[in-house]
Amino acid sequence: MKIIFDDHSDEVLSALDAALARGLEKCGLVAEGYAKKLCPVDTGNLRNSITHTVADNGERAAYVGTNSEYGVYVECGTGIYYPGGRQTPWVYQDAKGDWHLTHGQRAKPFIKPAVAEHGEQYKRIIEAELKGK
């Protein structure tokens with residue numbers, strides 16, 4: 001009796017990797033949408049800068065964020081409202097030339113809740129892709 005063994009492990013691993021990549025892309029899109037809904041809007045620049053990327057740097061992951069230089073200040077707050085932030089008030093001049101006194105601004109998180117508050121949904125997305133649904 002002769003037994004023939006066909007090894008398809010490479011194809012299986014490749015299909016799993018592709019399914020995981022699709023799932024992470026979908027999670028990134030969904031999280032990006034939540035972040036944009038939560039983002040406070042003044043000019044729309046911050047909201048429009050929110051994006052996502054899927055990376056494989058040893059651990060597959062979807063990242064959601066913004067490249068806006070002031071996004072971190074909106075997300076985390078400033079001055080007395082940021083842990084370890086400046087505790088004394090300061091003045092600044094706006095674009096119209098008017099001067100303002102401030103103690104900082106309260107945090108208005110939009111990235112963290114978009115990711116942290118929907119973990120079960122992201123899990124279901126990944127599971128569905130791995131099951132081929």
Side-chain angles (χ1 to χ4, degrees):
M1 177 163 92
K2 185 175 182 181
I3 298 175
I4 298 174
F5 178 74
D6 291 327
D7 182 7
H8 296 283
S9 59
D10 288 339
E11 292 95 345
V12 171
L13 291 174
S14 178
L16 282 172
D17 188 53
L20 180 58
R22 286 190 308 273
L24 288 171
E25 180 64 26
K26 286 181 181 180
C27 288
L29 283 169
V30 170
E32 181 182 323
Y34 284 131
K36 287 181 177 185
K37 285 180 185 175
L38 293 170
C39 182
V41 177
D42 184 15
T43 65
N45 290 335
L46 179 58
R47 181 183 55 204
N48 292 337
S49 73
I50 299 169
T51 188
H52 76 280
T53 186
V54 175
D56 184 6
N57 49 4
E59 184 176 344
R60 303 285 313 242
Y63 297 97
V64 179
T66 174
N67 62 357
S68 169
E69 63 186 44
Y70 61 90
V72 66
Y73 304 120
V74 175
E75 177 81 16
C76 299
T78 62
I80 64 173
Y81 304 107
Y82 180 75
R86 182 176 176 163
Q87 298 301 302
T88 58
W90 66 95
V91 294
Y92 69 94
Q93 190 175 25
D94 65 20
K96 295 178 182 177
D98 297 327
W99 288 91
H100 303 274
L101 173 70
T102 184
H103 290 68
Q105 87 174 10
R106 295 183 188 277
K108 298 173 188 156
F110 58 100
I111 300 285
K112 185 176 179 181
V115 174
E117 294 175 4
H118 303 281
E120 284 301 313
Q121 181 179 5
Y122 303 137
K123 180 180 172 184
R124 287 191 303 272
I125 290 170
I126 300 268
E127 286 176 349
E129 282 299 323
L130 290 173
K131 290 178 181 177
K133 293 183 178 180

Co-members of [X] in a cluster of I, L, V, M, F, W and Y side chains, linked at under 4.5 Å:
| X | answer |
| --- | --- |
| L16 | V12, L20, L24, V54, I126, L130 |
| W99 | V91, L101 |
| W90 | none |

- Task: Using the salt bridge (Lys or Arg N to Asp or Glu O under 4.0 Å) rule, collect all pairs that involve residues 30-55, keeping only residues at least two apart or in two chains.
- Result: E32-K36

- Message: Quick test of your reading: applying salt bridge (Lys or Arg N to Asp or Glu O under 4.0 Å), list the pairs with at least one residue in residues 9-21, sequence neighbours left out, ordered by first then second residue.
- Response: D17-R60

Only pairs under 3.5 Å count here: list side-chain donor-acceptor contacts from residues 61-76, not counting sequence neighbours, and write none if there are none.
from: T66; atom 1: OG1; to: S49; atom 2: OG; distance (Å): 2.4
from: T66; atom 1: OG1; to: S68; atom 2: N; distance (Å): 2.9
from: S68; atom 1: OG; to: Y70; atom 2: N; distance (Å): 3.4
from: Y70; atom 1: OH; to: L46; atom 2: N; distance (Å): 3.4
from: E75; atom 1: OE1; to: F110; atom 2: N; distance (Å): 2.8
from: E75; atom 1: OE1; to: I111; atom 2: N; distance (Å): 2.8
from: E75; atom 1: OE2; to: K112; atom 2: N; distance (Å): 3.0

So, using side chain to side chain donor-acceptor pair (under 3.5 Å) as the criterion, who are the partners of [X] when residues are at least two apart?
| X | result |
| --- | --- |
| N57 | none |
| D56 | none |
| D94 | H100 |

- Item | Taking every non-hydrogen atom, the tightest pair across G23 and I125 | O-CG2, 3.6 Å

- Query: What pairs meet the side-chain hydrogen bond (donor to acceptor under 3.5 Å, both in side chains) rule with one or both residues in residues 78-87, with sequence neighbours excluded?
  - Reply: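 Non-adjacent pairs meeting side-chain hydrogen bond (donor to acceptor under 3.5 Å, both in side chains): R86-T88.
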
Got a list of side-chain donor-acceptor pairs under 3.5 Å for residues 113-122, not counting sequence neighbours?
from: Q121; atom 1: OE1; to: Y34; atom 2: OH; distance (Å): 2.7
from: Y122; atom 1: OH; to: A114; atom 2: O; distance (Å): 2.6

- Item | Distance, nearest 0.5 Å, that separates OG1 of T51 from CG of L29 | 8.5 Å

- Item | Those residues that, when tested against E129, pass salt bridge (charged side-chain N to carboxylate O under 4.0 Å, His left out) (two or more places apart) |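 Expected list: R22, K26.
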
